[in-house]
Peer 1: 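Next up is a structure, given as structure tokens.
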Amino acid sequence: MISLPLLDCHAHIAPDATADQLARLAPSVVFAVTRSPEEARRVVGRSDQRVVWGLGAHPALVAKGGGLDPGELIELLPRFAFVGEIGLDRRSGRMDRQVEFLRCVLEALGGHPAMVSIHSNGAVNE
């Protein structure tokens, strides 16, 4: 039988968390998803023992607009082996923006080897 470490496959950790703070996660391994390209840029060079940093853009931020461009996320893809927090969230509104953003990112992921976690809240049919 294969023995896996304790895993948390979806967490949000502040990009400025210290190595000492993250060491307290032991013995777990955490897949921490950034909520925006800005957060992702802040963790790009990190090599924490207990955290796998993932690239993401929360659908609520996409829905709000605010200049969040799928190109920013796509530009960072080669720096990450894990992508999450992309998807659809009906509570956030502007489904048209969310769908278009998700389409762009999924297209780009077609040529990029990565684990992907899709955010879906109230958007099962979509």
Peer 1: Scan side-chain atoms only and decide if E85 and H10 contain a donor-acceptor pair under the 3.5 Å cut-off.
Peer 2: yes

Peer 1: Where is the tightest heavy-atom contact between V52 and V29, given as atom of each residue plus distance?
Peer 2: CG2-CG1, 4.4 Å

Peer 1: For residues P59 and L88, determine if any side-chain heavy atom of one lies less than 4.5 Å from a side-chain heavy atom of the other.
Peer 2: no

Peer 1: Is it the case that atom CD in E38 sees more than 12 heavy atoms from other parts of the structure closer than 6.0 Å?
Peer 2: no

Peer 1: Could you check whether any side-chain N or O of E100 sits under 3.5 Å from a backbone N or O of R97, counting only pairs where one atom can act as donor and the other as acceptor?
Peer 2: no

Peer 1: Quick one: OG on S92 to CG on N121, what's the gap to the nearest 0.5 Å?
Peer 2: 7.5 Å

Peer 1: About how many Å separate CZ of F101 and CD1 of I86, when rounded to the nearest 0.5 Å?
Peer 2: 8.5 Å

Peer 1: Mind checking the CG-CZ spacing from L25 to R50? Nearest 0.5 Å is all I need.
Peer 2: 8.0 Å

Peer 1: Do F31 and V51 have side-chain heavy atoms sitting under 4.5 Å apart?
Peer 2: no

Peer 1: With the side chain counted from C-beta on, respond yes when P27 and L6 share a heavy-atom pair under 4.5 Å apart, and no when they do not.
Peer 2: yes

Peer 1: Could you tell me which non-hydrogen atom of E39 sits nearest to which non-hydrogen atom of P15, and how far apart they are?
Peer 2: CG-CG, 3.8 Å

Peer 1: For I13 versus A17, what's the shortest heavy-atom pair and its separation?
Peer 2: CG2-CB, 3.8 Å

Peer 1: Shared ILVMFWY cluster between V44 and L22, side chains joined below 4.5 angstrom?
Peer 2: yes

Peer 1: Does the E72 side chain pair with the main chain of D69, one donor and one acceptor, at a distance under 3.5 Å?
Peer 2: yes

Peer 1: Would a hydrophobic clustering, with Ile, Leu, Val, Met, Phe, Trp and Tyr connected at side-chain separations under 4.5 Å, put V99 with I118?
Peer 2: yes

Peer 1: Nearest 0.5 angstrom please: L55 CG to I74 CD1, how far?
Peer 2: 10.0 Å

Peer 1: To the nearest 0.5 Å, what is the distance between CZ on F82 and OG on S117?
Peer 2: 5.5 Å

Peer 1: Let me see the working for L61 and S36 under side-chain contact (heavy atoms from CB on, under 4.5 Å), right down to the final yes or no.
Peer 2: CA-CA 8 Å; L61 296 176; S36 69; 4.0 Å; yes

Peer 1: Which heavy atom of R42 sits nearest to which heavy atom of D16, and what is that distance?
Peer 2: NH2-CB, 3.7 Å

Peer 1: Verify, without hydrogens or angle tests, whether Q98 (side chain) and D89 (backbone) share a donor-acceptor contact under 3.5 angstrom.
Peer 2: yes

Peer 1: Give the minimum heavy-atom separation between V62 and A57, together with the two atoms involved.
Peer 2: CG2-O, 4.2 Å

Peer 1: Quick one: are L7 and P5 in side-chain contact, heavy atoms under 4.5 Å?
Peer 2: yes

Peer 1: Within this structure, what is the CZ-NE2 distance for the pair R35 and H119, rounded to the nearest 0.5 Å?
Peer 2: 12.5 Å

Peer 1: Using a strict 4.0 Å threshold on nitrogen-to-oxygen distance, state whether D48 and R46 make a salt bridge.
Peer 2: yes

Peer 1: Answer yes if V33 and L73 sit in the same cluster of Ile, Leu, Val, Met, Phe, Trp and Tyr residues linked by side chain heavy atoms under 4.5 Å apart, and no otherwise.
Peer 2: no

